[in-house]
Each structure stands twice: as C-alpha cells, then as structure tokens.
Amino acid sequence: MKTQNSFSISFFLKKDKDKVTNGNAPLYARITVNGEPVDLSLKRKVPIIAWNQKEQKLDGNTDEDRAAREKIRKTRNDINAAYDDMRYQKEMVSAEGLKAKVEGTDEEQYTLCKLMTYHKEEVGTDLEQGTLKNYDTTERFLKEFLQVKKKKKDIFLAQLDNKFITDFGIFLRNRKPDKGQRPCSNNTVMKHMERLKKMTNIARDNKWIFHDPFQAFERKIIRKDREALELEELERFRLVKLEKDGHEIVRDMFLFSCYSGLSYSDIIRFSKEHIVRDSDGELWLEMVRKKTVKFTERKFFVLLLPEAIALIEKYKRHPHSLQNGTVFPKYCNQTVNNYLKIIATKAGIEKRVTFHVARHTFATTITLENGVTMESVSKMLGHASIRTTEIYSKVKKKKVANDMKELRDKMRPALAKTG
C-alpha cells in the first residue's frame with residue numbers, strides 16, 4: 001500500500017537580533033515533509049515593514065523588492081519540481097532531500113557511499129585492523145541491501161530514516177549467509193547497526209545531515225553467559241599431553257591469558273618491557289591495551305600469579321621469542337583458534353574454546369569466584385567502564401552453591417535452638 005507524503009512550503013523572515021540590520025531581515029523558505037521541517041535560506045534580506053506573513057508576500061516596487069518576489073517564485077517552483085522528481089524516481093521523500101536537490105548539493109558529497117568512503121579513508125586510519133575489517137563487512141552488506149532491496153547503488157544521507165534502518169535490519173536477519181559463514185544473529189545485526197550509527201554521527205558532526213536517523217531506533221542486545229573454563233577443565237587443559245610444539249606453545253599462551261586476562265592482540269606483543277617489579281619485589285604486568293592505544297594511554301596492571309611467572313620463565317630463552325622480542329612466540333589468530341580447538345578436544349572439553357575464553361576464565365573462574373571485587377577485575381582487564389566488565393563476568397552455580405552453603409552453616413546454630 002502506497003502512502004501519501006504530507007508536503008508544504010512556507011516563507012518567513014528570521015527576525016533574530018543578530019540577523020536584522022537596518023530594518024531588514026533574511027528571507028527563508030520552510031519545507032515540511034511528514035511533519036519534519038527544514039529551513040532553506042534564499043540568501044537575501046527584505047524590509048520587515050514590507051513583509052506580509054499571513055499572505056507570505058512582499059510589498060514594494062523597488063528593484064530589490066521585485067527581485068525578492070522573483071526569488072520566492074523561483075524557489076517555490078524549484079522545491080515543487082524537486083518534490084515531483086523524487087516522487088517520479090520513487091525516491092524516499094524527505095525535507096532534507098528536497099533541500100539538497102534545490103541547493104544543488106552534489107550527490108557525491110552527501111551520500112551513504114561517500115560517507116562510508118570518508119570513514120574508511122579518514123577515520124579508519126585510527127582503527128585497529130580487526131575493527132576496520134568489521135566496518136568493511138557492514139559496508140558490503142549496506143551496498144548489497146541498496147542494490148537488492150532498494151534497486152539503487154547509493155542514497156542521499158538525507159533519505160536515511162527509521163524505515164531505512166528497520167528495513168536494513170530485516171534484510172540482515174533474512175540474508176542467506178555466504179559459504180562458511182553463519183546467519184546474522186540478533187547481536188550481530190545490532191553490531192552492524194552500531195557501526196552504521198557511528199558513521200551517521202560523523203555525518204551529523206560534519207553537518208552533512210541535520211537529523212538523527214537512529215532517533216526512534218532501539219538497540220536490543222541479548223545478554224548471554226560468556227563461556228569460561230571451570231577450574232577442573234582448566235587443569236585438564238594444562239595437563240593434556242600434546243605431540244606438536246606449536247600446540248604446546250598455544251596452550252601455554254592460553255593458560256597465561258587465563259592467569260592474567262590478556263587478550264590475543266595484547267599477548268602477541270607482550271614483552272619483558274611490560275613486566276615491572278614493585279618495592280616489595282612483586283612482579284606486575286603493566287600495559288596499554290592494543291584496542292585503545294590510539295585513543296588513550298591509560299595503563300592496566302595485573303599482579304602476576306606464580307603460574308603466570310612460571311610460563312614467562314619457560315619461554316624467556318625460546319629462539320622465536322628472542323627473535324621477535326616478545327615473551328611468547330607469535331601465531332596468527334586463526335592458527336591459535338584452530339590449535340585450541342584440537343587441544344580442547346584432546347582434553348575432553350566440550351565447550352567451544354577460542355582464545356577469548358581465556359579472558360573470560362580470568363574474569364570469572366580465577367578472580368570473581370575467588371572474591372576479587374568487580375572494580376579490581378575491571379581495572380585488570382583494562383576496561384574504561386565497569387559495565388563492560390559485567391558483560392564478561394557471570395555468577396556460576398558453583399559460586400551460588402558456596403554462598404548458600406556459607407549461609408546454611410551460619411544458620412545451623414539458630415535452627416538447632418529453635419528445634
């Protein structure tokens with residue numbers, strides 16, 4: 001069912017004190033589509049005394065007055081022509097889009113594809129490679145959505161609205177995945193939306209658009225328990241017999257992360273320079289997270305456990321470590337996760353083990369379940385907000401059982417007296 005846009009044009013004077021000079025005020029047109037107005041300057045001033053707002057007409061017979069009346073007539077015609085053209089081309093009609101057409105805005109300057117190119121070439125230089133790769137995927141899906149669903153190669157930024165965003169979300173959920181990929185889950189869709197929103201925020205900051213396309217959009221993340229190894233599983237992982245040196249190295253890197261909370265991107269650059277000794281002789285890990293190093297120099301600190309120190313000692317003379325200047329030999333992320341899958345199977349662990357599971361294990365099994373406060377864990381993980389730490393952590397049955405047993409033991413004497 002087709003919907004009819006409400007559309008109107010009106011003219012008015014801006015009588016702000018800083019804009020009025022010698023009794024003259026700037027003349028504007030107001031374009032309103034579906035209740036959303038946008039103002040367009042006619043780039044001329046007219047006498048306030050000669051302006052009839054009710055009839056929206058200018059009295060007077062001077063050359064300037066006649067030129068202003070001609071400008072009003074031409075602007076009205078241009079707006080109507082732009083509206084008819086957008087309807088004929090079956091484009092999404094918006095007040096911003098009409099203004100862009102009337103002002104002769106270059107489509108290459110204010111389009112979605114141009115925004116994505118700007119983001120990659122200008123903003124992308126400050127992003128990590130993994131983050132930039134995710135933006136590339138979002139860009140690819142947006143272009144596919146435009147071609148498949150909108151039958152367009154590009155779209156004005158002014159045409160982005162809640163319907164566009166909603167339709168894009170539906171497209172992602174129903175999109176047939178590429179070979180070897182999984183369908184977009186709810187949280188994956190929300191990640192693509194988050195990246196699109198960040199790009200449109202840049203457009204607003206640059207004044208390429210003046211509305212927020214995400215104003216009515218509600219981001220809904222499904223909170224899931226983060227996978228982590230139990231102590232018994234961690235011990236099996238540590239003791240499993242491995243035949244290949246590469247498997248052993250990856251297993252030890254994983255274990256070190258379980259004892260320190262380091263992410264993959266941090267452990268592959270972890271060097272002796274990141275190890276400091278305090279006045280009490282304790283060894284600390286001191287780093288700036290690779291994820292945030294371009295935005296902040298805030299360091300995080302982790303007191304190294306004996307198990308972590310033993311692993312550092314194990315590899316301090318390894319030829320690959322000495323060659324790279326790092327504590328551990330380097331393996332690419334894909335290789336690490338492939339090896340972890342093999343190691344987990346040999347250890348009889350049914351959980352899907354990736355390197356990030358080690359970080360979750362540190363946050364829960366190693367620290368929170370042993371009484372370390374959420375605030376301390378947040379600092380050790382290098383999180384700017386404790387809310388991020390809450391996403392990584394979970395209260396497991398073991399912790400609940402221990403708390404309830406402690407409560408039961410406290411209540412026994414009182415229950416015995418009443419019995």
Side-chain angles (χ1 to χ4, degrees), residues 1-107 109-112 155-166 200-201 203-217:
M1 179 180 176
K2 295 183 178 180
T3 57
Q4 182 71 34
N5 293 296
S6 64
F7 164 61
S8 65
I9 309 168
S10 60
F11 295 87
F12 67 98
L13 302 184
K14 274 198 176 179
K15 300 178 183 178
D16 301 349
K17 287 183 180 180
D18 60 332
K19 296 185 181 297
V20 176
T21 55
N22 300 322
N24 295 328
L27 180 60
Y28 277 78
R30 175 162 293 167
I31 308 168
T32 306
V33 177
N34 297 328
E36 294 291 332
V38 66
D39 294 342
L40 171 68
S41 173
L42 273 64
K43 294 182 172 47
R44 66 183 61 233
K45 290 187 175 183
V46 299
I48 296 175
I49 195 171
W51 177 253
N52 186 328
Q53 182 60 46
K54 185 176 180 180
E55 296 184 13
Q56 294 191 21
K57 115 177 149 172
L58 183 68
D59 297 325
N61 294 312
T62 66
D63 291 341
E64 290 81 2
D65 295 335
R66 285 190 288 272
R69 283 195 289 271
E70 176 60 20
K71 182 66 174 179
I72 292 172
R73 184 194 68 78
K74 186 176 183 304
T75 301
R76 187 187 298 276
N77 289 342
D78 288 346
I79 295 172
N80 281 319
Y83 177 79
D84 291 340
D85 183 60
M86 292 181 79
R87 292 291 304 278
Y88 178 77
Q89 298 293 338
K90 295 183 179 178
E91 296 179 4
M92 189 180 300
V93 181
S94 69
E96 292 274 6
L98 287 173
K99 179 181 177 181
K101 275 185 173 290
V102 172
E103 287 185 327
T105 303
D106 187 352
E107 184 176 349
Q109 185 178 357
Y110 293 97
T111 65
L112 180 58
I155 188 173
F156 281 114
L157 290 179
Q159 294 175 278
L160 299 182
D161 59 8
N162 186 63
K163 186 177 186 306
F164 179 92
I165 293 164
T166 302
T200 58
N201 285 344
R204 293 177 68 199
D205 291 342
N206 290 342
K207 299 190 181 336
W208 295 345
I209 53 173
F210 296 92
H211 69 288
D212 181 6
F214 282 85
Q215 184 175 4
F217 179 78

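Note that the coordinates shown come from a computational prediction; the quantities given were computed from them, not determined experimentally.
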Under the side chain to side chain contact (heavy atoms under 4.5 Å, CB included) test, which residues partner Asn80, sequence neighbours left out? Phe7, Ile9, Arg76

Please report the shortest heavy-atom distance between Pro47 and Asn24, naming the atom on each side. CA-OD1, 3.1 Å

What I'd like to find out is whether the side chain of Ser6 reaches to under 4.5 Å of the side chain of Asn34, using heavy atoms alone. yes

State the NZ-CG distance between Lys45 and Leu13, to the nearest 0.5 angstrom. 11.0 Å

Among pairs that include at least one residue of residues 20-44, which meet salt bridge (charged side-chain N to carboxylate O under 4.0 Å, His left out), considering only residues two or more places apart or in two chains? Arg30-Asp39

Atom CG of Leu98 and atom CZ of Phe156: how far apart are they, to the nearest 0.5 Å? 10.0 Å

When you look at Phe11 and Leu58, which way does the side-chain contact (heavy atoms from CB on, under 4.5 Å) test go after all the steps? CA-CA 10 Å; Phe11 295 87; Leu58 183 68; over 6 Å; no

Just verifying a value: how many Å separate Asn201 CG and Asn206 CG, rounded to the nearest 0.5 Å? 11.0 Å

Note, Val93 side chain near Arg87 side chain (heavy atom, < 4.5 Å): yes

Applying side chain to side chain contact (heavy atoms under 4.5 Å, CB included), name anything that partners Asp16, two or more places apart in sequence or on another chain. Asp18, Lys19

My understanding is that only residues two or more places apart in sequence, or in another chain, count here; which of them pass salt bridge (charged side-chain N to carboxylate O under 4.0 Å, His left out) with Lys15? none

Identify the heavy atoms of Ala68 and Val46 that sit nearest to each other, and give their distance. CB-CG1, 3.7 Å

Count the heavy atoms of every other residue, nucleotide or ligand shown that sit under 6.0 Å from CG of Asn61, and state whether that count exceeds 12. no

For Asp161 and Lys163, indicate whether the former's side chain and the latter's backbone hold a donor-acceptor pair under 3.5 Å. yes

Minimal non-hydrogen separation, Ala95 against Ile31, with atom names: CB-O, 3.7 Å

Sequence neighbours excluded, the answer for side chain to side chain contact (heavy atoms under 4.5 Å, CB included) partners of Gln53 is Phe12, Trp51, Gln56

Heavy-atom check, side chain of Ile155 versus side chain of Leu160, under 4.5 Å: yes

At their closest point, which heavy atom of Lys101 faces which heavy atom of Ala82, and how far apart are they? CB-CB, 3.9 Å

For Asp63, what residues pass the salt bridge (charged side-chain N to carboxylate O under 4.0 Å, His left out) criterion, not counting sequence neighbours? Arg66

Decide yes or no for Val33 and Ser94: does some side-chain heavy atom of the first lie under 4.5 Å from some side-chain heavy atom of the second? no

Do Glu96 and Ile209 come within less than 4.5 Å of each other through their side chains, counting heavy atoms only? no

Minimal heavy-atom distance between Leu40 and Val102, with the atoms involved, is CD2-CG1, 3.7 Å

Within the structure provided, determine whether Leu157 and Thr111 are in side-chain contact (heavy-atom separation under 4.5 Å). no

Within this structure, what is the CG-CD distance for the pair Asp65 and Glu70, rounded to the nearest 0.5 Å? 13.5 Å

